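As the structure is a prediction and not an experimental result, all values here were calculated from the model.
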Amino acid sequence: MMEKTTTRSPMAWVPTLYFAQGLPFFAVALIASLMLKSMGVPNDDIAHWTAYIGFAWVFKPLWSPFLELAGSKKVIVVGFQLAGGACLGLVALALQLPFWLSACVAVLALVAICSATHDIACDGLYIASLSEKQQAEYAGWTGTFFNAGRFISLGGLVILAGYLEKSQGVVPAWTIIFCILAATMVALGLYHSWALPPAWNVVTPDTTAAGIARTLKDVIIDYVNKPGIWVSIVFIILFRAGEAQIQTIGPLFLREARNLGGLGLTTSEVGAVYGTTGTIAFIIGSIAGGYFTSWLSLKRAILWLILAVNLPNVAFYFLSTYQPTDLAVIGVALSAEMFGYGFGFVGIILYMMQVVAPGKYQTAHYAFSTGVMQLGFVLFKYVSGNIQLALGYQKFFIWVLISAIPVAVLSQLIPMTSRAARPDAAAPTQDPVAAS
């Protein structure tokens, strides 16, 4: 067994490692959407293109086992941080081209692939390099610094982009922003080439492409054979139905002109209300949601968690109905929505971890479940732009609230106990609804 020790304190690399995980993710998921909005791309096209790009996180479990072919996890982490930085720099270059939209989408897709692959190696390095006690001690730092990527992206870079849009123009503004992102990722990669522990991959007779492919096949078969797995997959997909649509259209609504039903905020104002107070509320909500679920248990907490994710979305209906101009009012409404999002999101994480993942391939099955979760996110993200254009903002936000009903009902009909495959496949099965 690999000895989980490192010559440097985890404080020298855990915070920066997870900041490097969060920064490119939020660059693709949030900054890119606001950039495209500033460039005049319609909401439905923004939703479609960003959904396509998001498929990188859906399919990452399929290539994750093959990363064991590398000599160490450190090599993969550093390599994809540098590659991701280079691709972020190419986004800045793509903005100068006549076919800038297709070029930006293509390069952002490469950023997403680098980021998704980095995620796998990043988590693997954390697990391999730290003892179980250290993993628990530093778990809070991982979430905090991952979300620091959100804070810097929306609360810092978007505010700067808004200032630069006024002084330099839209294209130069976003060129500078993506150059900053690129330089930051390259700097992190160079730092981690020194700071990270090696996290050597263990070489076994099955550490070949053919052996890994056979194991991957077994992992997939075992996953789909779990009792009640298809109901679980439906539940995971539906859990983010409302959230995916809000996270896609919400920032665009804030930027939309008031005569078109939006709030008409500048890029800097969106960064100020969504990226600062909103992100802080999200982090506080995440911590509170974890303690709440620990106290109540997942089975008894799940409905409350689903309501927490979705009911605060009424804030957007309020904003679209009254169109307030006071940034304080807008900030309070968005903070309530983000607090609920953070509070309730822990529900789907724990469901995948405690209900779906347990069994022979627990780590791999958790990774597959996160892929299913991301699939649900991108599917609802993809259709959100079309639905918003068809309904208008006000009715769209009502639709988002309605989207939460199916998963809330399903949560009361399915068991919240482990779906680990039974050792005796011939044993009588129990009705999943009755078992709940």
| query | Is the side chain of His118 donor-acceptor paired with the backbone N or O of Cys114 at a distance under 3.5 Å, no angle test? | reply | no
| Ignoring hydrogens and geometry, is there a side-chain-to-backbone donor-acceptor pair from Gln21 to Leu17 under 3.5 Å? | no
| task | Establish, yes or no, whether a centroid distance under 6.0 Å links the rings of Phe397 and Phe253. | result | yes
| query | Would a line drawn from the ring center of Tyr382 to the ring center of Tyr52 be shorter than 6.0 Å? | reply | yes
| message | With a 3.5 Å distance limit and no angle check, can you tell me whether Ser384 reaches the backbone of Lys381 through a side-chain donor-acceptor pair? | response | yes
| Leu181 CG to Ile31 CD1 distance, which is reported to the nearest 0.5 Å | 5.0 Å
| Does any N or O in the side chain of Asp222 come within less than 3.5 Å of the main-chain N or O of Asp218, such that one atom is a donor and the other an acceptor? | no
| said: Has Lys226 got a side-chain atom pairing as donor or acceptor with Pro358's backbone, closer than 3.5 angstrom? | reply: yes
| task | Determine yes or no for a side-chain-to-main-chain donor-acceptor pair under 3.5 angstrom, with Ser115 supplying the side chain and Val111 the backbone. | result | no
| field | Donor-acceptor contact below 3.5 Å, side chain Thr117 vs main chain Ile113 | value | yes
| Backbone of Leu30 reached by a side-chain donor or acceptor of Arg150 within 3.5 Å | no
| request: Can you see which heavy atom on Asn310 is nearest to which on Leu401, and at what distance? | output: O-CD2, 3.4 Å
| Taking the six-membered ring for Trp, are the ring centroids of Phe377 and Trp57 within less than 6.0 Å of each other? | no
| Quick one: does Ser193's side chain have a donor or acceptor within less than 3.5 Å of a partner on Leu190's backbone? | yes
| Non-hydrogen side-chain atoms of Leu296 and Trp304 separated by less than 4.5 Å | yes
| Closest approach of Ala27 and Leu88, non-hydrogen atoms and distance? | CB-CD2, 4.2 Å
| message | Using only atom types and a distance under 3.5 Å, with no angle test, would you say the side chain of Ser129 pairs donor to acceptor with the backbone of Tyr126? | response | no
| said: Quick one, Tyr18 and Asp123 - any side-chain contact, counting heavy atoms below 4.5 Å? | reply: yes
| field | Stepwise side-chain contact (heavy atoms from CB on, under 4.5 Å) check, Leu125 with Trp13 | value | CA-CA 11 Å; Leu125 184 143; Trp13 55 270; 3.5 Å; yes
